[in-house]
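Values below: all heavy atoms of this structure, side chains included; hydrogens, waters and symmetry mates excluded.
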Amino acid sequence: MLTGFAYRSKKTQYLISIVITLTVSLGCYLISPYIGYITVALILLFTVSFLSVILSVFPVLLAAILSALIWDFFFIPPHFTFHIDKAEDILMLGMYVTIALINGILNSRIRYYEKIARQKEDKLKSIKLYNAVFNSISHELRTPLTTIMGVTENLSDTGRDMPAQQRHILYNELYIASNRLNPVVDNLMNMSRLESGHLEPKYDWCDVRELIRSAMNRLSAELKNHTIKLEIPDDIPIVKLDFGLMEQALYNILQNIAFHTPEQTKACIKVDISKGLLEINISDDGPGFSDEAIEKAFEKFYRAAGTKTGGLGLGLSIARGFVQAHSGDIFVKNRKTGGAQFTIRIPVSVSNLTPENE
């Protein structure tokens, strides 16, 4: 396993290699009368093996050569000289150097190939993600663009001679196609804003009730067959947040409910403010999330298996990004009685005024 040490500068790695080798050698020197110089060789060899796991190849080779010289000079009789009397000690020193060098090189190569394997795996994942995103975007863009092109071509060719009722039908199709195209572009632009790292909320005083109703009004057509219940205290104060960002976050959550739950599904939006913390709970009695989907619900481009086609899988990810831009967070869980519940918590400044007495 490649550790953080291997990402340090070469100078730092050489320093680590020398310090650890000298420290271990000093410890061995103090206890060498009790363990013998053969055991010292094993300890130093283990040290080189350890360094080969956390450092790159050349600092490891330095440790191998340095430890061999130290073992020869301080531990192999006669001491404090590089002269060796016994042939077996010469052979052992040669084996020590060979094993230490081979061990360091092999571990380094293993790490290198592990890195290559990880890069290939990451590349394959990136390609799969790219293909999924490209196919999803292509699908979402193709249908409305085809409709727009077809309608505009008909209007251009026969617009003046076309009966008023037929023109009205074509204009309506144009409007529907544009509405379908608009959220796709908005989501891509919003994700770009989030990933740029330059998203700064523009805080201003706003009415939470108005915020929620504004998001609901934008989805009036999609939610017409859903029942939405609001539980908002009458005396709720006005709070300071970015109205546009939070409206979009709420819009994306409600759109998710409208898209992924059956008609006649009931939903409830409950708001509470306590100790400077705004909490918005949005629950429904739909099918809820699978175990896998609930873990990945806020991931970019994630779409749960078995869900109907449509969308890019960006809505909830953007909602989380906009909430986190307010230093808040968002969670989702399955309700015990069925359905899902989104919880938004945001620290807010609270005014003593309420919307009624402004």
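- Remark: S17 OG to L61 CG distance equals 9.0 Å, nearest 0.5 Å.
- With rounding to the nearest 0.5 Å, the separation of CG in L277 from CD1 in I273 is 9.0 Å.
- Put simply, CD1 on I257 and CG on D285 are 10.0 Å apart, with the number rounded to the nearest 0.5 Å.
- Annotation: side chain to side chain contact (heavy atoms under 4.5 Å, CB included) contacts of S49 (sequence neighbours excluded): N103.
- With sequence neighbours left out, T227 forms a side chain to side chain contact (heavy atoms under 4.5 Å, CB included) with K266.
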If you apply the rule side chain to side chain contact (heavy atoms under 4.5 Å, CB included), what do you find for F243 with D204, and how did you get there?
CA-CA 7 Å; F243 188 97; D204 199 359; over 6 Å; no

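- Residue L230 is grouped with residue L278 when hydrophobic side chains (ILVMFWY) are merged at heavy-atom distances under 4.5 angstrom, including chains of intermediate members.
- Side-chain contact between S67 and T47 is absent, with no heavy atoms from C-beta onward closer than 4.5 Å.
- Counting heavy atoms from C-beta on, the side chains of D272 and S274 come closer than 4.5 Å.
- Expressed to the nearest 0.5 Å, how far CD1 of I18 lies from CD1 of I16 amounts to 11.0 Å.
- Checking side-chain atoms of H226 against main-chain N and O of P262 turns up a donor-acceptor pair under 3.5 Å.
- Under the side chain to side chain donor-acceptor pair (under 3.5 Å) criterion, N225 pairs with E263, not counting sequence neighbours.
- Between the H260 side chain and the N256 main chain, no donor and acceptor come within less than 3.5 Å of each other.
- Test L254, N281, L250 against I269 for side chain to side chain contact (heavy atoms under 4.5 Å, CB included) and you get one pass: L254.
- Contact between Y251 and A215 at its shortest, heavy atoms only, is N-CB, 3.9 Å.
- For K229, the side chain to side chain donor-acceptor pair (under 3.5 Å) test picks out E231, with sequence neighbours left out.
- Annotation: ring-ring contact (aromatic ring centres under 6.0 Å, His included) contacts of F73 (sequence neighbours excluded): F82.
- Checked against side chain to side chain donor-acceptor pair (under 3.5 Å), R345 has the following partners two or more places apart in sequence or in another chain: E279.
- Take E295 and apply the side chain to side chain contact (heavy atoms under 4.5 Å, CB included) test, not counting sequence neighbours, and it matches no residue.
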Worked verdict on T265 versus D284 for side-chain hydrogen bond (donor to acceptor under 3.5 Å, both in side chains)
CA-CA 7 Å; T265 293; D284 64 66; over 6 Å; no

Please output the side-chain donor-acceptor pairs of residues 25-33 that fall under 3.5 Å, not counting sequence neighbours, one pair per line with the distance.
residue : atom : partner : partner atom : Å
S25     : OG   : T21     : O            : 2.7
S32     : OG   : Y29     : O            : 2.9

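- The line from OG1 of T343 to CD1 of I253 is 9.5 Å long, rounded to the nearest 0.5 Å.
- In Y37, the OH atom is crowded: over 12 heavy atoms of neighbouring residues, nucleotides or ligands sit closer than 6.0 Å.
- Residues meeting the side chain to side chain contact (heavy atoms under 4.5 Å, CB included) test with K240, sequence neighbours left out: Y203, W205, S349.
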Name each donor-acceptor pair under 3.5 Å that joins a side chain in residues 323-333 to protein atoms two or more places apart or in another chain, with its distance.
residue : atom : partner : partner atom : Å
H326    : ND1  : F322    : O            : 2.9
H326    : NE2  : D242    : N            : 3.1

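- Under the side chain to side chain donor-acceptor pair (under 3.5 Å) criterion, S214 pairs with E247, not counting sequence neighbours.
- Hydrophobic cluster membership of V19, counting Ile, Leu, Val, Met, Phe, Trp and Tyr whose side-chain heavy atoms lie under 4.5 Å apart directly or via other members: L15.
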Just do the side chain to side chain contact (heavy atoms under 4.5 Å, CB included) check on L44 and V24 with the steps written out, would you?
CA-CA 7 Å; L44 291 174; V24 173; 4.1 Å; yes

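- Heavy-atom minimum distance, C206 versus L241: SG-CD1, 3.2 Å.
- Across F342 and L316, no two heavy atoms sit closer than the pair CE2-CD2, 3.9 Å.
- Both L22 and I76 belong to a common hydrophobic cluster when Ile, Leu, Val, Met, Phe, Trp and Tyr are linked at side-chain heavy-atom distances under 4.5 angstrom.
- Distance CG/N217 to CG/L223: 10.0 Å, rounded to 0.5 Å.
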